[in-house]
Amino acid sequence: MEKTWVVNKFFEFLDGRFPDAKCELIHKNLYELAISTILSAQCTDEMVNRVTPLLFEKYPDFRALALSDIGEVKEIIRPTGFYNNKAKSITTLAKIVVTKYGGELPLVMELLVKLPGIGRKTANIILSEYATAEGIVVDTHVKRVSKRLGLTTHDDPIKIEKDLISLIPENRWGKISHQIIHFGRQICKARKPECSNCQMKDFCSYYKQ
DNA sequence: CTCCCGATAT
DNA sequence: ATATCAGGAG
């Protein structure tokens with residue numbers, strides 16, 4: 001089936017079903033979004049939202065986090081998993097942001113991805129929320145859904161993003177990741193996808209086998 | 001490529 | 001018991 005046609009059907013479906021999909025990581029500002037997103041690696045955002053209230057109460061900004069005791073940070077974020085790596089990332093990140101960028105993140109892709117704990121996916125989330133989307137967020141849900149719908153055949157997130165960028169108009173880049181993620185969580189699930197109830201099944205290469 | 005890692009659904 | 005969860009670093 002023609003990719004561009006599948007994509008257009010997908011737009012129509014997503015806009016009808018998830019018209020105002022947005023980021024589900026609870027945050028009040030750029031600092032909180034960046035930290036929440038780093039913590040969300042291989043962890044549900046629900047779990048992240050459970051630990052961040054205490055984390056942000058004790059460390060309300062990069063300056064406070066830079067002065068934190070890493071042991072206390074580890075205990076607070078432990079339930080999100082990978083807590084040693086994540087604690088090291090966010091405390092080191094805070095110190096760099098304070099000393100090098102005056103306490104706030106630079107909203108520039110090339111600078112963001114050099115910072116500890118921030119890769120292409122995290123940077124895309126930050127930019128699409130607080131600046132202009134420079135690309136498309138490719139996380140585990142976007143990867144799975146894109147492959148099932150036949151929009152890409154790759155496993156490498158960078159290659160998947162290139163495929164999606166060529167298929168999706170730029171004015172949708174910021175929102176479509178959130179829409180696909182909602183779709184991936186509720187319907188096109190990893191474990192038990194609800195294909196029988198899915199409006200995309202007639203256009204889905206995964207459903208046809 | 002491997003390692004990091006706890007919580008939850010299946 | 002095991003797969004999966006808004007990945008990133010070495």
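A, B, ... follow the sequence lines: proteins, then strands. Residue 1 opens every chain.
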Which donor-acceptor pairs under 3.5 Å do the side chains of residues 154-172 of chain A make with protein atoms, sequence neighbours left out?
residue   : atom : partner   : partner atom : Å
His154(A) : ND1  : Asp163(A) : OD2          : 3.1
Asp155(A) : OD1  : Lys147(A) : NZ           : 2.5
Asp156(A) : OD1  : Ile158(A) : N            : 3.2
Glu161(A) : OE1  : Arg120(A) : NE           : 2.9
Glu161(A) : OE2  : Arg120(A) : NE           : 3.4
Glu161(A) : OE2  : Arg120(A) : NH2          : 2.8
Glu161(A) : OE2  : Asn124(A) : ND2          : 3.2
Glu161(A) : OE2  : Ile136(A) : N            : 3.0
Asp163(A) : OD2  : Thr152(A) : OG1          : 2.6
Ser166(A) : OG   : Asp163(A) : O            : 2.7
Arg172(A) : NH1  : Asp15(A)  : OD2          : 3.2
Arg172(A) : NH2  : Asp15(A)  : OD2          : 3.0

Salt bridge (Lys or Arg N to Asp or Glu O under 4.0 Å) partners for Arg185(A), two or more places apart: Glu24(A), Asp45(A)
Separation of the P atoms in dC4(B) and dA1(C), to the nearest angstrom: 23 Å
Partners meeting salt bridge (Lys or Arg N to Asp or Glu O under 4.0 Å) with Glu72(A) (sequence neighbours left out): Lys58(A)
Pair listing, side chain to side chain donor-acceptor pair (under 3.5 Å) test, anchored in residues 85-114 of chain A, at least two apart: none
DNA chain C contacts among residues 175-189 of chain A, heavy-atom distance under 4.0 Å: His178(A), Ile181(A), Arg185(A)
Whole-angstrom distance between dG8(C) and dA7(B), as gauged at atom P: 22 Å
Pairing residues for Tyr31(A) by the side chain to side chain donor-acceptor pair (under 3.5 Å) criterion, not counting sequence neighbours: none
Touch class at under 4.0 angstrom, heavy-atom based, for Arg78(A) against every strand present: sugar-phosphate
Nearest-Å distance for atom pair NZ/C1', residues Lys88(A) and dC3(B): 17 Å
Same-atom distance (C1') from dC5(B) to dC5(C), integer angstrom: 12 Å
Contact residues, residues 141-164 of chain A to DNA chain C [heavy atom, < 4.0 Å]: His141(A), Arg144(A)
For Tyr206(A), all residues meeting ring-ring contact (aromatic ring centres under 6.0 Å, His included), sequence neighbours excluded: none
Residues within residues 31-60 of chain A bordering DNA chain B, heavy-atom distance below 4.0 Å: Gln42(A), Met47(A), Arg50(A)
Touch class at under 4.0 angstrom, heavy-atom based, for Asn84(A) against every strand present: sugar-phosphate
Which donor-acceptor pairs under 3.5 Å do side chains of residues 34-44 of chain A form with protein atoms, sequence neighbours excluded?
residue  : atom : partner  : partner atom : Å
Ser36(A) : OG   : Glu32(A) : O            : 2.9
Thr37(A) : OG1  : Leu33(A) : O            : 2.6
Ser40(A) : OG   : Thr37(A) : O            : 2.7
Thr44(A) : OG1  : Met47(A) : N            : 3.3

Near-parallel close stack of Phe82(A) and dC4(B) base (under 5.5 Å, under 30°): yes
Partner residues of Glu134(A) under the salt bridge (Lys or Arg N to Asp or Glu O under 4.0 Å) criterion, sequence neighbours left out: none
Positional range of nucleotides in DNA chain C within the contact set of chain A, heavy-atom, under 4.0 Å: dT2(C) to dA9(C)
Phe18(A) backbone acceptor or donor facing Gln179(A) side chain under 3.5 Å: yes
Aromatic ring proximity, centroids under 6.0 angstrom, Phe203(A) and Phe13(A): no
Length of the CD1-C1' vector between Ile77(A) and dG6(B), whole Å: 11 Å
Check: Val137(A) main-chain N/O paired with Ser177(A) side-chain donor or acceptor under 3.5 Å: yes
Asn49(A) side chain vs Ile26(A) backbone, donor-acceptor pair below 3.5 Å: yes
